[in-house]
Amino acid sequence: MFDFTFYNPTKIVFGRGVIAQLPGLIPAGKKVMLVAGGGSIKRNGVYEQIRRALDGRAMVEFFGIPPNPLYETCLEAVALARAEKVEFLLSAGGGSALDATKFIAAAVPYAGKEPWDMFYDWSLVPADPLPLGCVLTLPATGSEMNGGSVVSRKATKEKRYFLSEGVFPRFSILDPQTTFSLPPRQTANGIVDAFVHVLEQYLTYDVTAPLQDRQAEAILLTLIEEGPKALAEPENYNARANLMWCATNALNGLIGCGVPQDWATHAIGHELTALYGLDHAQTLAAVYPGMMQHSRRRKREKLLQYAARVWRLETGDEETRIDAVIARTEDFFRSLGVGTRLAEYNIPKEAGRLVADRLAKQGRPLGERGDLKSQDVEAILQLRA
Ligand code: NZQ
Ligand code: ZN
């Protein structure tokens with residue numbers, strides 16, 4: 001096992017009606033800014049619960065954070081937070097509202113000229129961002145229990161992220177009932193996103209970390225069991241609750257302790273979203289089967305373990321089992337209603353070269369061994385045309 005440091009300060013408050021606990025979670029006397037998306041929280045009763053819980057508290061609101069939150073929109077929120085002397089940020093919604101909130105928290109005290117620079121140099125993220133908490137209504141990203149913020153910039157068609165200990169939520173309120181109103185597309189996106197988060201940290205190479213392997217497999221098996229139930233019965237509390245807790249555990253750092261991590265599919269996917277506007281999970285469903293196919297030699301041992309332990313594929317020769325597990329994974333994404341081919345999203349053939357060039361310019365090593373080259377990225381996308 002590799003050496004590691006694990007840090008996670010987020011308090012999770014989970015269950016029915018837990019939004020009512022907000023007053024005890026936000027320090028009294030702090031002026032709050034509520035940060036939200038396009039209005040789903042007004043339609044599903046979450047907004048009303050928050051207002052009731054925080055009745056009498058000084059509060060301003062910023063609505064309008066779009067999916068794949070835009071830098072340009074976030075800057076408007078930063079201006080409001082500064083003008084109103086806001087002291088605490090409360091995100092309500094999915095990963096986009098929360099990632100925007102984390103960025104706003106860092107940008108408010110940011111002293112430099114261009115807060116976007118934080119995405120290029122993480123050391124620029126201030127050590128004292130505004131404190132933040134969240135009411136999560138979409139299980140998917142794990143943002144509710146990590147220090148990551150992913151933001152897109154319209155002007156330059158970039159999608160970038162930073163990781164910083166200062167922007168972990170102080171608390172995250174997870175009431176599975178708030179997810180009953182999710183449209184099937186978002187429920188399915190969440191299942192795929194969480195599933196691929198696990199694969200990015202599990203399907204690499206063996207370093208004798210059986211606990212992390214089994215934790216990862218437990219999440220994958222639970223997503224396979226509970227995901228379809230949540231889609232078939234949107235108000236099945238236990239299915240929603242299990243999905244929510246799976247998504248949090250898929251990216252709160254724990255299963256990634258001491259093991260190699262890949263994340264190349266995410267890097268490719270972020271470029272596809274930046275260029276063509278696909279949902280984050282759509283990019284993952286389209287790219288990941290190609291990653292497995294292209295990396296079948298470098299990921300061989302783990303592919304066979306994943307095949308046996310998650311999909312019970314234990315007979316036949318090794319190549320047949322690997323073919324079968326790639327097909328099973330793709331079928332699972334498709335069974336949730338998420339397209340797995342780039343053509344389904346009208347992605348042109350030249351996307352492969354374009355994405356490969358953009359990633360090469362960023363200069364970050366790709367893959368669990370950092371050895372994926374531009375031609376690999378192009379080949380993976382060619383496999384998915
Ligand atoms: O904007 P509103 O009106 O709230 O509607 C949203 C949005 O249209 C809607 N929604 C959310 N909860 C709902 C609901 N509709 C009905 N009922 C509810 N309970 O769903 C739509 C999508 O929301 P969004 O927040 O964009 O989705 P998600 O949570 O999947 O977040 C995606 C963003 O997170 C980033 C992605 O790249 C993408 O930008 N990620 C963040 C990560 C992190 N911080 O650790 C890791 C991930 O890999 C990912 O990159
Ligand atoms: Zn993701």
Side-chain angles (χ1 to χ4, degrees), residues 10 19 34-47 49 62-71 73-74 91-103 134-153 158-164 167-169 172 174-201 230 234-235 240 243-244 247-248 250-253 256 261-274 277-285 287-288 338:
T10 301
I19 294 175
L34 177 71
V35 181
S40 70
I41 63 163
K42 288 203 168 158
R43 292 186 292 276
N44 62 12
V46 166
Y47 174 73
Q49 291 181 62
F62 187 93
F63 275 79
I65 301 293
N68 304 308
L70 285 179
Y71 177 63
T73 314
C74 290
S91 161
S96 292
L98 180 51
D99 284 4
T101 302
K102 291 173 175 179
F103 168 76
C134 111
V135 175
L136 187 79
T137 65
L138 200 178
T141 61
S143 187
E144 66 276 14
M145 204 178 178
N146 70 40
S149 168
V150 190
V151 174
S152 298
R153 191 172 188 178
E158 286 170 284
K159 180 168 182 173
R160 306 290 302 225
Y161 72 98
F162 67 65
L163 300 175
S164 175
V167 300
F168 272 87
S172 285
L174 274 54
D175 180 344
Q177 295 173 124
T178 66
T179 70
F180 290 176
S181 58
L182 280 169
R185 168 169 160 185
Q186 298 303 341
T187 299
N189 278 350
I191 299 165
V192 170
D193 195 19
F195 201 86
V196 177
H197 290 161
V198 177
L199 293 178
E200 298 268 34
Q201 300 165 87
E235 303 206 0
R240 291 294 195 182
L243 212 53
M244 209 166 197
T248 303
L251 198 50
N252 66 0
Q261 303 193 15
D262 182 344
W263 298 109
T265 298
H266 268 70
I268 296 170
H270 285 179
E271 295 308 315
L272 288 172
T273 298
L278 277 70
D279 293 351
H280 172 59
Q282 293 173 338
T283 70
L284 306 177
V287 175
Y288 204 81
V338 184

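For ligands, and for the atoms within them, numbers begin at 1 and follow the listed sequence.
Checked by atom type, the side-chain pair T178/R240 shows no donor-acceptor distance below 3.5 Å.
Of the candidates G269, G45, S40, S40 brings a heavy atom nearest to atom 15 (N) of ligand 1. Taking all heavy atoms of P67, S149, P183 into account, the minimum distance to atom 7 (C) of ligand 1 is reached by P67. Of the candidates L182, L138, L70, the one placing a heavy atom closest to atom 18 (C) of ligand 1 is L182. Summarising the contacts of atom 35 (C) of ligand 1 with D279, T283, D99, the nearest heavy atom is found in D99.
Ligand 1 is approached by N44 to a heavy-atom distance shorter than 4.0 Å. The shortest heavy-atom distance from G142 to ligand 1 is not under 4.0 Å.
Under the side-chain hydrogen bond (donor to acceptor under 3.5 Å, both in side chains) rule, D99 has a single partner from S143, S152, S149, which is S143.
Scanning all protein heavy atoms for the shortest distance to atom 33 (C) of ligand 1 gives S96 OG, 3.5 Å. The protein non-hydrogen atom at the shortest distance from atom 19 (N) of ligand 1 is T178 O, 2.9 Å. Nearest protein heavy-atom neighbour of atom 1 (O) of ligand 1: G38 N, 2.8 Å.
Remark: ligand 1 and A97 share no N or O pair separated by less than 3.5 Å (distance only, no angle test). Residue A140 places no N or O, backbone or side chain, under 3.5 Å from any N or O of ligand 1. Residue contacts with ligand 1: H280 is placed with a nitrogen or oxygen under 3.5 Å of a nitrogen or oxygen of the ligand (distance criterion only). Taking distance alone, with nitrogen or oxygen atoms compared against 3.5 Å, G95 approaches ligand 1 more closely than that limit. An N or O contact shorter than 3.5 Å is missing between G93 and ligand 1 by distance.
Here V46 has no heavy atoms under 4.0 Å from ligand 1, in either its backbone or its side chain.
Taking every heavy atom of V150 and a limit of under 4.0 angstrom, the matching atoms of ligand 1 come to 37 (O), 40 (N), 41 (C), 42 (C), 50 (O). Contact atoms of ligand 1 toward H197: 47 (C), 48 (O) (distance under 4.0 Å to a heavy atom of the residue). Every atom of ligand 1 is numbered from 1 in the order shown, and the set under 4.0 Å from a heavy atom of P69 is 39 (O). Interface atoms of ligand 1 facing S181, defined by a heavy-atom separation under 4.0 Å, are 16 (C), 17 (N), 18 (C), 19 (N). Each of the following atoms of ligand 1 lies closer than 4.0 Å to a heavy atom of H270: 37 (O), 50 (O). The atoms of ligand 1 that sit less than 4.0 Å from any heavy atom of K159 are 36 (C), 37 (O), 38 (C), 39 (O). Remark: ligand 1 atoms within the under-4.0 Å shell around heavy atoms of H266 are 48 (O). With ligand atoms numbered from 1 in the order given, ligand 1 contributes 44 (N) to contacts under 4.0 Å with heavy atoms of G148.
Judged by distance alone, with hydrogens and angles left aside, the side-chain atoms of T273 form a donor-acceptor pair with the main-chain N or O of L278 at under 3.5 Å.
Within H266, the N/O/S atom positioned nearest the Zn ion (ligand 2) carries the name NE2. Taking the N/O/S atoms of D193 in turn, the shortest distance to the Zn ion (ligand 2) belongs to OD1. Of all the N, O or S atoms in H197, the one closest to the Zn ion (ligand 2) is NE2.
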Could you go through T10 and S172, starting from their C-alpha distance and side-chain angles, then the distance that decides it, and tell me whether this counts as side chain to side chain contact (heavy atoms under 4.5 Å, CB included)?
CA-CA 7 Å; T10 301; S172 285; 3.9 Å; yes
